[in-house]
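Taking it in order: structure first as C-alpha cells, then the write-up.
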Amino acid sequence: GAGVSQSPSNKVTEKGKDVELRCDPISGHTALYWYRQSLGQGLEFLIYFQGNSAPDKSGLPSDRFSAERTGGSVSTLTIQRTQQEDSAVYLCASKRGYQETQYFGPGTRLLVL
Amino acid sequence: AQRVTQPEKLLSVFKGAPVELKCNYSYSGSPELFWYVQYSRQRLQLLLRHISRESIKGFTADLNKGETSFHLKKPFAQEEDSAMYYCALRCLGIKAAGNKLTFGGGTRVLVKP
C-alpha cells in the first residue's frame, strides 16, 4: 500500500515568511510524528499526535512552530517568521499501534534564505 | 532525559571486511532500541529492533544493558550497505514519553570496493 507522503518535497523561502508542510500518514495509522533532520543536530523529535488525545508538543523549538492534525489523518506543520536556522529536512512518520514500527515519509527539505 | 550517542560520524571499510557501528544510550528506565538506515535518496527505514532479535541483511545488534550499548555488526560488509545509520531509543512503559524516538547523531558508512 501507499506509504507516508509529504509535500512539498522541497521548499525555498525567504527569512520572515511563513511556511506550511503537509504530511499524509498511512491509512489507519493513529499515531503521527514530526521530526527535524538538520546538519549538526541529527534527528530531533518535534511533535506527536495520538488519536484524539492532546498532542505532545515537547519537542517544538519555539512558539513559531505549530502543528495540527485534522480528522485524525492529514497533518500540517507550520513555521511562522522563518529563520535561517529552520533550514532542515522535516520528516513525518506514522504508526498503527503502541508496539508498532514508525514508518517515515520522504521528508520536506526546507531552505530559508 | 534519555540520550543516544553514536561516537563515529563516518566509518569507511572495504568490501568483505567486518563493520561495527557503536551506539550507547543513557536512560534510567526500560528502553527499546532500534537501528534505522537511510540509503542515498531514500527515506529513513527500520533496519532492526532489539525485541525482535533478528538478523536483517546480515546485520545483528544485541542490547547490552550492563554497558548500555546496542552496537550494530555485520561480519562481511557489502557495497550496498553504504548508507547513513541511526540508532534510536524509545522509552517503554512511560505514556508521557509518547512513543517518540530519540535518535543518535548518525554514522555514515562507506563500503569501498
Side-chain angles (χ1 to χ4, degrees), chain A residues 2-7 9-10 23-26 29-61 67 69 75 88-109, chain B residues 1-10 21-27 30-54 56 61 83-108:
Chain A
V4 178
S5 61
Q6 292 185 246
S7 60
S9 53
N10 290 280
C23 172
D24 283 87
I26 294 172
H29 282 196
T30 58
L32 187 148
Y33 303 77
W34 284 97
Y35 294 88
R36 179 167 70 174
Q37 187 177 28
S38 50
L39 283 175
Q41 298 292 329
L43 273 155
E44 307 168 87
F45 165 78
L46 296 177
I47 188 169
Y48 157 66
F49 296 89
Q50 173 62 59
N52 296 320
S53 303
D56 175 357
K57 305 179 183 180
S58 61
L60 295 178
R69 189 179 184 191
S75 177
V89 176
Y90 289 82
L91 295 175
C92 176
S94 71
K95 185 171 75 160
R96 185 170 55 186
Y98 181 78
Q99 292 290 348
E100 298 294 317
T101 301
Q102 291 186 29
Y103 290 88
F104 283 81
T108 293
R109 186 175 298 276
Chain B
Q2 62 274 18
R3 186 180 178 91
V4 177
T5 303
Q6 293 178 247
E8 305 123 337
K9 290 195 183 309
L10 174 66
L21 288 74
K22 290 186 167 42
C23 172
N24 288 90
Y25 67 91
S26 61
Y27 176 55
S30 183
E32 184 176 11
L33 275 297
F34 304 81
W35 277 100
Y36 278 82
V37 60
Q38 190 168 28
Y39 300 103
S40 179
R41 304 185 199 284
Q42 294 188 28
R43 63 186 67 192
L44 196 64
Q45 57 186 285
L46 179 69
L47 181 62
L48 52 80
R49 56 199 298 188
H50 91 267
I51 62 172
S52 301
R53 300 186 65 81
E54 57 192 347
I56 303 293
M84 193 75 177
Y85 292 79
Y86 292 94
C87 184
L89 176 150
R90 181 167 77 98
C91 305
L92 290 175
I94 299 180
K95 200 170 183 181
N99 287 293
K100 69 184 181 188
L101 294 173
T102 300
F103 286 89
T107 298
R108 182 168 298 281

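These numbers come from the heavy atoms of this one structure, side chains and all, not from hydrogens, waters or symmetry mates. Every chain is numbered from 1 and lettered A, B, ... according to where its sequence line falls, protein lines coming before strand lines.
With a threshold of 4.5 angstrom between heavy atoms, A:Ser58 approaches chain B through side-chain atoms but not through N, CA, C or O. Of the two parts of B:Leu46, only the side chain, counted from C-beta on, holds a non-hydrogen atom closer than 4.5 Å to a non-hydrogen atom of chain A. The part of B:Gln38 that comes within reach of chain A is its side chain, from C-beta onward, which places non-hydrogen atoms under 4.5 angstrom from that chain. Proximity to chain A is limited to the side chain of B:Tyr36, based on heavy atoms less than 4.5 angstrom apart.
Proximity of B:Leu101 to A:Leu43: side-chain heavy atoms (C-beta onward) are nowhere separated by under 4.5 Å.
The most heavy-atom pairs under 4.5 Å with chain B, out of A:Val4, A:Leu91, A:Val89, come from A:Val4.
Applying the salt bridge (Lys or Arg N to Asp or Glu O under 4.0 Å) definition to pairs two or more places apart or across chains, those involving residues 35-51 of chain A are A:Arg36-A:Glu44. Listed by first then second residue, pairs satisfying salt bridge (Lys or Arg N to Asp or Glu O under 4.0 Å) with a partner in residues 35-47 of chain B number zero, not counting sequence neighbours.
A distance of 8.0 Å separates CZ in B:Arg90 from CD in A:Gln102, rounded to the nearest 0.5 Å. B:Lys100 NZ to A:Leu46 CG: the interatomic distance, rounded to the nearest 0.5 Å, is 10.5 Å.
In this structure, B:Tyr25 places its OH atom where more than 12 heavy-atom neighbours from other residues, nucleotides or ligands lie under 6.0 Å away.
Formation of a donor-acceptor pair under 3.5 Å by the A:Tyr35 side chain with backbone atoms of B:Phe103 is not found in this model.
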